[in-house]
Number of protein chains: 2
Amino acid sequence: MEIDRIIHEPARLRIMMILSGLEQADFNFLLTTLSLTRGNLSRHMEKLESAAYLKVKKSFKGKIPNTSYQLTQKGSKSLAQYWENLDSVRQLGNSR
Amino acid sequence: MEIDRIIHEPARLRIMMILSGLEQADFNFLLTTLSLTRGNLSRHMEKLESAAYLKVKKSFKGKIPNTSYQLTQKGSKSLAQYWENLDSVRQLGNSR
DNA sequence: CAAACAAGTTTGCAATGCAAACAGATAATT
DNA sequence: AATTATCTGTTTGCATTGCAAACTTGTTTG
């Protein structure tokens, strides 16, 4: 029932939501969509990856490296659970 | 359109939601309801107060001090705005 | 070949959440 | 009446972490 802080961080929450609707997205797409610095995006992705919420696919588009991300099943589940938990926090207001 | 980090912190979000449904609540009520340590609750309330999201009423119940909290209008508005913003983040998934 | 560009990663700092220590007052115990 | 425990909060110290800037590795352009 605890809020998952890995997901809860606003930038990462947006990342997770975008990935949940896109099957896969690469570094630059996320970068421009979210307007983060490259450094911060990198750190966030690293964190999500080390939680096994997404998997990374490194390849080359022509000669330039391309890093692409995809939600794992664990990531999807955790994201769904996150929203459930948040909804239940939202219900706390209905005690009046 | 940015997520308000003062509210976003899980403990404080719960506090705000409880207060939004109760007109007022005192320190011990929040303490037992949220199961935080007194120290942490104190810090969170201080933060919310310094953002003017709630106002503090210190009194005595008999001889023992009692600290009671109440959402301000600014607090209510910010909380409503917070949920709006979060809802719009939630919509990010619907790009597929 | 040197300078600019591209894609990420690593580093350093400032902010902050959390637990433990502290404070100040009242109530209970011996 | 002195010490011990309780109650209500506040302050302090540390470990984590988000963010910006610097760095790295490689590629393109003049």
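Lettering follows sequence order; numbering is per chain, from 1. None of the values given here were measured: they were computed from a predicted structure.
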**Student:** Does His44(B) place a side-chain N or O at less than 4.0 Å from the phosphate oxygens OP1/OP2 of dT16(C)?
**Tutor:**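 Indeed not, no polar side-chain atom of His44(B) lies that close.
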**Student:** Do nucleotides 3-12 of chain C as a string where each nucleotide becomes B, S or -: B if the base has a protein heavy atom under 4.0 Å, S if just the sugar-phosphate does, - if no protein is that close.
**Tutor:** ----BBBBB-
**Student:** Closest to the Lys47(B) side chain: dC18(C), dC19(D), dT16(C)?
**Tutor:**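 So the nucleotide nearest the side chain must be dT16(C).
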**Student:** Whole angstroms only, please: what is the CG-P distance between Leu30(B) and dT10(D)?
**Tutor:**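 One finds 13 Å between P of dT10(D) and CG of Leu30(B), rounded.
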**Student:** Look up atom NZ in Lys55(A) and atom CD in Glu49(A), then write down how far apart they are to the nearest 0.5 Å.
**Tutor:**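 The CD atom of Glu49(A) is 11.5 Å from NZ of Lys55(A), to the nearest 0.5 Å.
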**Student:** Tell me: CG of Asp4(A) to P of dT17(D), nearest whole Å?
**Tutor:**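 These atoms are roughly 12 Å apart.
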**Student:** Side chains of Thr67(A) and Lys58(A): donor-acceptor distance under 3.5 Å anywhere?
**Tutor:**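 Checked: Thr67(A)/Lys58(A) side chains pair up, N/O donor to acceptor below 3.5 Å.
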**Student:** Could you report the tightest heavy-atom contact between Ser78(B) and Tyr53(B), atom names first, then the distance?
**Tutor:**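 So the two residues come closest at OG-CE2, 3.3 Å.
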**Student:** Which atom pair, heavy atoms only, marks the closest approach of Arg5(B) to Glu9(A)?
**Tutor:**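 The answer is NH2-OE2, 2.7 Å.
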**Student:** Starting at CG of Leu48(B) and ending at P of dT16(C), how long is that distance when rounded to a whole Å?
**Tutor:**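 After rounding, the gap between these two atoms is 13 Å.
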**Student:** Does any part of the side chain of His8(B), heavy atoms only, come nearer than 4.5 Å to the side chain of Leu13(B), both counted from C-beta?
**Tutor:**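 With C-beta onward as the side chain, the pair stays apart.
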**Student:** Between atom CD in Glu2(A) and atom P in dG17(C), what is the gap in whole Å?
**Tutor:**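 Going from CD in Glu2(A) over to P in dG17(C) covers 15 Å.
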**Student:** Return whichever of Glu9(A) or Lys63(A) has its heavy-atom-nearest nucleotide of DNA chain D closer to the 5' end.
**Tutor:**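 Taking each residue's closest nucleotide, the earlier one in sequence belongs to Glu9(A).
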**Student:** For Phe29(B) and dT8(D), what is the distance between atoms CZ and P respectively, to the nearest whole Å?
**Tutor:**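 About 15 Å, once rounded to whole Å.
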**Student:** Nearest-Å distance, NZ (Lys61(B)) to C1' (dT26(C))?
**Tutor:**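 One finds 17 Å between C1' of dT26(C) and NZ of Lys61(B), rounded.
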**Student:** Does a side-chain N or O of Arg12(B) approach OP1 or OP2 of dG17(C) to a distance below 4.0 Å, or not?
**Tutor:**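 Checking Arg12(B) against dG17(C): at least one side-chain N or O falls below 4.0 Å of OP1 or OP2.
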**Student:** Would you check if there is a donor-acceptor pair between the side chains of Ser88(B) and Asn85(B) at a distance under 3.5 Å?
**Tutor:**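 Looking only at side-chain atoms, Ser88(B) and Asn85(B) do not form any donor-acceptor pair under 3.5 Å.
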**Student:** Calculate the interatomic distance between Leu36(A) atom CG and dA20(D) atom P; express it in whole Å.
**Tutor:**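 Leu36(A) atom CG is separated from dA20(D) atom P by 9 Å.
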**Student:** Applying the side chain to side chain contact (heavy atoms under 4.5 Å, CB included) criterion to Ser68(A), which one of Leu54(A), Asp26(A), Leu30(A) satisfies it?
**Tutor:**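 Only one option passes, and that is Asp26(A).
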**Student:** Is there a side-chain polar atom (N or O) of Arg5(A) under 4.0 Å from OP1 or OP2 of dC18(C)?
**Tutor:**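 For Arg5(A), the contact criterion (side-chain N or O under 4.0 Å from OP1 or OP2 of dC18(C)) is met.
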**Student:** Round to the nearest Å and state the distance from His8(A) atom NE2 to dT17(D) atom C1'.
**Tutor:**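 My rounded result for the distance is 14 Å.
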